[in-house]
Peer 1: 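Before we start, here is the structure in question, set down as C-alpha cells.
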2 protein chains.
Amino acid sequence: MSATMKDLAKETGLGLATISSYFNGGNVREKNREKIEAAIKKLDFEINEVARGLKTNHTKLIGVVIPELEMIYCAQIITEVEDILRNYGYATIVCDCRSDVKREEEALDFHFHRRVDGLIIMPTSRSGEGLKRFIDHNKPVVVIDRKLPDVDCDCVLVDNEKAVKDGVSRLIKAKHQKIGLIAGPKDVYTSDERIKGYRRALEEHGLEVDETLISRGDYTIGGGAKAVASLLDSRPDMSALFVSNYEMTVGAMIELNERGVRIPEELAFIGYDNKEFAYASNPRLSIVAQPTKVIGKIVAQQMLERLGGDSKKPGGIWKLEAEYIEGKSI
Amino acid sequence: MSATMKDLAKETGLGLATISSYFNGGNVREKNREKIEAAIKKLDFEINEVARGLKTNHTKLIGVVIPELEMIYCAQIITEVEDILRNYGYATIVCDCRSDVKREEEALDFHFHRRVDGLIIMPTSRSGEGLKRFIDHNKPVVVIDRKLPDVDCDCVLVDNEKAVKDGVSRLIKAKHQKIGLIAGPKDVYTSDERIKGYRRALEEHGLEVDETLISRGDYTIGGGAKAVASLLDSRPDMSALFVSNYEMTVGAMIELNERGVRIPEELAFIGYDNKEFAYASNPRLSIVAQPTKVIGKIVAQQMLERLGGDSKKPGGIWKLEAEYIEGKSI
DNA sequence: CTGAAAGCGCTAACAA
DNA sequence: TTGTTAGCGCTTTCAG
C-alpha cells in the first residue's frame, strides 16, 4: 500500500532517522532535504499518523460530547470548533448523547477507549465524575455552558443570567410589567441561570415575580409552542414575552402567528439565538444571541493551548456576553 | 499509564498470544479465561486501538463529509449514522465543508491522511474524482443524495423528483392551477431533481409550466423568505405554493405570516422536511418529509456491511421514498 | 490450546 | 548532521 519511511530511506540512500527528523522539524542538510522531497513525491508518501501515534502516545483525536447535534446552538459551536482544530491536524469525533446521562457516560467511555488527546463537552449530567479520568490522565478537558464542581478544567460559559436580565430589563424599560417567560426544563444549568436573570431583572426594577407568568418548555419547537399557548390562555393580560432558547422561540412564533397575536402591538417579544431566524421574521425579532462563533473559537483555542503544553496550569473560566440584537418586536 | 497485554500476560502467567486471542474471539481454556478477566479488572486494562490499528491497518474511523452541519437534514442523518456506527466501535469524524468545493477537497485529503476505514459523503462537488483514491485503496464509500458518475460505490438517495411530483399533484388535485415553486440553487443535484418533479406533475396533468411561478432560493431561511416575497409580489394570483427544502420552508412561513397570508384559505402550502416544525405550525403544515432516520440507518448499515468484507461487489443504489404528511394547509 | 518471536511504521536515544 | 537500534502495544505465524 502506501510507502513508508523505510522506503524513503531506501530511495534516498539516507538513514531512517534522517527521514524522521525531516518530518519533525529537525535539521537536515539542504541537499538531502531536496532528495527527500523528491522521494516523497515519487513514492506518494504520506506519514502514517497511526504509527506515529503509537509511538508518541498521541492520537490527534479530540472527543466532543454534546446533548443534541440537532440543536442549532450545538451545531454552530461544533462547526467552528471542528474547523479550527482541523487546521491544526486534529480530528474531531462528535458524540450526540441525546440529552441522556447514560448515553453521555457511554460517550465518555468511548472517547476514553479511543484515547482521544482531549475532550470537549457540553454536559448533560450535573456531575463531573466522568471527566476526572481524562484529567487524571493529563488530557485537557474544556467544558461548555456549565461550571462543574470539583473538576479542574477550562470552562467556556455565556453569562446566561445577565443575558436574560438585560433582555427583560429592556422590556421593563419599554413600560411592560406583565412579562411572561418561556423557561427551559428543570435541572438544566442554562435554564436555571436564565430564570435567575428573569427574576433579577424584575427585582431590580422593583417588580414582583409572578410565578404564573413563567411557563416551562423543554427547549424544543413543540414544547415552546405549547408553553406559549398555555401562557396565552392563562394570562391574557400578559403584554410581553421572553423566550429563553432558540427552538422554543421558533415554536413561540408559530403559536403566536397561528393565534394572530400581533407583534409588537399586542405582545412585545424577545427571542433567543439565531440571527438568521430573527432577521427573517416579520417583524424582525429582537433577540438575545449567544456568540456561538466566539464560543467555538475560544473552546478550540483553549484546547490547542493545553495540547501544546500548558496542561498544568489551573483551569480558567471564560464568561462571554450574549449580544442583544434590536429588532422591531418591542 | 494504562496496562498492556504484556502486563496481563505477566499477571496471569500466560503467554502474550493467549491474551491476544482472548480478545479476538479465539479459543481460550475456561480457566485461563477467568484468570484473564480477573487480571483485566485488576489492572484496569483497556485494549489499545492505536496499536491494534497499526498492526491490522484499520483505524475504526469513518470519515464523513457534509455541506452544512447546521442544516437540520444533515444533522439528523449524521446523528443516526454516528449512533449506529458507534455501537459497532467505529468513531465518526465529521467535516463540514460549508458547501464549498475547495473545502470539500481538503476534507477528503484530511480523511485520507487520517486513514479512515470508510467514507460517507453528501457531495458538494459534482464530480467524484476525489473519491477514487478511497475506492482504489479499497475503502468503502457511501454517497448520500447524489449519484456520482464513474464512481463505483453505494448511493443512498431520496426520490426527489417523485417526492415533489406527488406533492404538487396533490395541489393540482385540490384544484390548484397556479402553483408556485420555491426552488433550490442552480447546479445542485437535489434542487434540479425537485424542479423536475414540479414540471412533471404539471405536465402529467396537462398543465403548462409557467416559469414565472418558479422562484429560486438558496436553501436558507432568509433566501426562502425572499423567494416567497418576490413570488407573492409578481404573481398575486398564485393559489398554492410548494417549498422545496426545510430552511426555505421556515423562511416562507415567516414571510407569509408577516404578510398575513392565510393558509390555506388564500394560499395552499406544502413545505419540506422536519415533522416537528410542521406539527408545531398553525395550521399544521402538509409537508414532504425525507426519511432522515432511514437514510442514516441504511448508510450506516451499508458501510458496516462493506467494512465487514463485502467490499468487492459493485455499488448499489437505494432510492427511498419521501413521506407525505398531511396537515391542514391545503 | 498456548508460547515464542517477528514485525506493523514511526520516534528517540545514542553513536558516529 | 546522519545512521543504528530499540521499542511503542498489538496481531499473527509457527512450533510445541
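Just so we're on the same page: letters track the sequence lines, and every chain starts at 1.
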Peer 1: What is the separation between atom NE2 on His58(B) and atom P on dG9(C), rounded to the nearest whole Å?
Peer 2: 14 Å

Peer 1: side-chain contact (heavy atoms from CB on, under 4.5 Å) with Glu193(A): which of Asn160(A), Asp159(A), Leu157(A), Val158(A)?
Peer 2: Asn160(A)

Peer 1: Would you tabulate the pairs of protein nitrogen or oxygen atoms and nucleotide nitrogen or oxygen atoms of nucleotides 4-8 of chain C closer than 3.5 angstrom?
Peer 2:
unit_1, atom_1, unit_2, atom_2, d
dG7(C), N2, Lys55(B), NZ, 2.9
dG7(C), N3, Lys55(B), NZ, 3.2

Peer 1: Think Lys139(B) forms a cation-pi with Phe134(B), using NZ or CZ under 6.0 Å from the six-ring centre and within 45 degrees of its axis?
Peer 2: no

Peer 1: Determine whether the aromatic ring centres of Phe112(A) and His137(A) lie less than 6.0 Å apart.
Peer 2: yes

Peer 1: Tell me, please, the opening and closing nucleotides of DNA chain D, 5' to 3', among those with an atom under 4.0 angstrom from a non-hydrogen atom of chain A.
Peer 2: dT1(D) to dG9(D)

Peer 1: Does Thr56(A) put a side-chain nitrogen or oxygen below 4.0 Å from OP1 or OP2 of dT11(C)?
Peer 2: no

Peer 1: Describe the nucleic acid contact of Phe45(B) in one word from base, sugar-phosphate, nothing, applying a heavy-atom distance below 4.0 Å.
Peer 2: sugar-phosphate

Peer 1: May I have the list of side-chain donor-acceptor pairs in residues 62-79 of chain A shorter than 3.5 Å, sequence neighbours left out?
Peer 2:
unit_1, atom_1, unit_2, atom_2, d
Glu68(A), OE2, Ser99(A), OG, 3.1
Tyr73(A), OH, Asp145(A), OD1, 3.0
Tyr73(A), OH, Asp145(A), OD2, 3.1
Gln76(A), OE1, Thr292(A), OG1, 3.0
Thr79(A), OG1, Ala75(A), O, 2.6

Peer 1: Return the minimal non-hydrogen interatomic distance between Thr92(A) and Glu82(A), and the atom names on each side.
Peer 2: OG1-CA, 3.8 Å

Peer 1: Within the structure, does a side-chain N or O atom of Arg52(A) lie under 4.0 Å from either OP1 or OP2 of dT11(C)?
Peer 2: yes

Peer 1: Looking at residues at least two apart in the chain, or sitting in another chain, which of them share a ring-ring contact (aromatic ring centres under 6.0 Å, His included) with Phe23(A)?
Peer 2: Phe45(A)

Peer 1: Heavy atoms only, 4.0 Å cut-off, all strands: where does Val28(A) land among base, sugar-phosphate and nothing?
Peer 2: sugar-phosphate

Peer 1: Please list all pairs meeting side chain to side chain donor-acceptor pair (under 3.5 Å) that have one or both residues in residues 26-40 of chain A, counting only residues at least two apart or in different chains.
Peer 2: Tyr22(A)-Glu37(A)

Peer 1: Output the rounded distance in Å from CG (Leu43(A)) to C1' (dG9(C)).
Peer 2: 15 Å

Peer 1: Please list, chain by chain and in numerical order, all residues satisfying side chain to side chain donor-acceptor pair (under 3.5 Å) with Thr190(A), sequence neighbours excluded.
Peer 2: Tyr219(A)

Peer 1: Determine the contact category for Ile19(A): base if any of its heavy atoms lies under 4.0 Å from a base atom, sugar-phosphate if only primed atoms, P, OP1 or OP2 are that close, otherwise nothing.
Peer 2: nothing

